[in-house]
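This report concerns only the one structure given below.
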Amino acid sequence: MEIEIISFGQITEFINNQKIEVDGITDTDAFSKYIENRFPALKNLKYKLALNKNIVQHNTEITNQATIAIMPPFSGG
Amino acid sequence: MEIEIISFGQITEFINNQKIEVDGITDTDAFSKYIENRFPALKNLKYKLALNKNIVQHNTEITNQATIAIMPPFSGG
Amino acid sequence: MSEKKIKNIFVNGPIAPAFIADSIAKHNSKTAIGGHSIFMGQVRKDEIDGKFVAAITYTAYEEVALEKMHQIREEIFEKYPLSCMHIYHSLGTVKAGEICLFVFASSVHRKPAILACSDVVDRLKVELPIWGKEIFEDETHQWKENI
Amino acid sequence: MSEKKIKNIFVNGPIAPAFIADSIAKHNSKTAIGGHSIFMGQVRKDEIDGKFVAAITYTAYEEVALEKMHQIREEIFEKYPLSCMHIYHSLGTVKAGEICLFVFASSVHRKPAILACSDVVDRLKVELPIWGKEIFEDETHQWKENI
């Protein structure tokens, strides 16, 4: 399954935008585990995900060709 | 005793600025009675007085040459 | 209050948007400020008994109003940690759609500025001896009342 | 939501006082409005570990931010009787002392405008995917955090 990952804010400093080919990641909880494992610096951040431009509020199914944004705490205003 | 009367807002429409020569008006309560008697239209208005540029909060002594402002409800802003 | 400097708040006629812009621009050098709160009162073209308000003419007991405003200012500065606060009120004629009141409070974080601005507007409407005479399109008038 | 028109809120660089003045002046014809409430965020020259913030560079997940802002807007209009509301947020670099956020709410009477403006500011800080990178005078940086 192909997932496009995009990052924002300070997360851009250690995760580049990229496409990954993975198997067995079927929901956003599984994605979080995967990405925290690959980028341990994420564990110290209260990041949020957006799946196909919807901010993820609770565990959500991921389908092929999904775009997942990894977003650090917001600091606009 | 001489008192200078100045009026504001809608009160200017029936009380002109004027100096009056009166006896026996020694405090602002007495002045209110006097002026309401002379200008009964005042009785329908929640007016306030200012004695020598101080807004009158409670009955206050009036001395000779006082300036008393008669002010209808404020409507600034 | 040993040393008190009474600021003038009155401007003749409406408060121009360009005046407000200048006032904002002047804060550019005050780099400790993080938040500005502005309130502006605008004259409404209210319909009363089939007639429309064309303008409001403001008069004030100026010295008393400025003294009172000074006192409110001091109380507001004691209550909130403000960087600065500016207040302007029109005298004379302000047409419907024009600005008659401009309150501008600034602080390091946003909350004090917002609360102070709102507080000042509430207080000045009630406490300052200012009167608005609503002039209708047919040149009759009625005296405004703050509810 | 059958018909929704997503408004853009983003402007490149700082929000100029003249832009704010234009925005105010445009309300001159909206003669039902009695009160305008404005909030402006200004970049602070904060001192952090002996270094001063020279500017903040803002980035956003633009589409998601605009969609979310649209939703907040609709909720605010349901909650308060507003005449209109305008929101602008900077992207890119805004120097210390410059304006990065401009929220402008108007209503017939003053309270709804004041409450809506304050509400929107609170919400957009928490809910919009926007990030501020504080650039120090020596060109190092740290990522801003809304507390």
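Just so we're on the same page: letters track the sequence lines, and every chain starts at 1. What you are looking at is a predicted structure, and each value in this text was computed from that prediction instead of being measured.
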* Asked: Between D/Phe136 and D/His141, is a ring-ring contact (aromatic ring centres under 6.0 Å, His included) present by the stated rule, with each step listed?
  -> CA-CA 6 Å; D/Phe136 295 107; D/His141 72 267; 8.5 Å; no

Name the region of [X], side chain, backbone, both or neither, that has any atom closer than 4.5 Å to a heavy atom of chain A.
{"X": "D/Ala65", "answer": "neither"}
{"X": "D/Leu101", "answer": "side chain"}
{"X": "D/Tyr61", "answer": "both"}
{"X": "D/Val126", "answer": "backbone"}

* Asked: Does a salt bridge link D/Lys68 with D/Glu127, judged by any charged N lying under 4.0 Å from a carboxylate O?
  -> yes

* To do: Compare all side-chain heavy atoms of D/Arg73 with those of D/Lys7 and state whether any distance is below 4.5 angstrom.
  => yes

* Which residues satisfy the salt bridge (Lys or Arg N to Asp or Glu O under 4.0 Å) test with D/Asp49, sequence neighbours excluded? -> none

* To do: Test D/Thr140 against D/Lys51 for side-chain hydrogen bond (donor to acceptor under 3.5 Å, both in side chains), laying out the working first.
  => CA-CA 9 Å; D/Thr140 58; D/Lys51 298 193 289 186; 2.7 Å; yes

* Asked: If you count heavy-atom pairs under 4.5 Å with chain A, which of D/Thr59, D/Leu128, D/Val103 comes out on top?
  -> D/Leu128

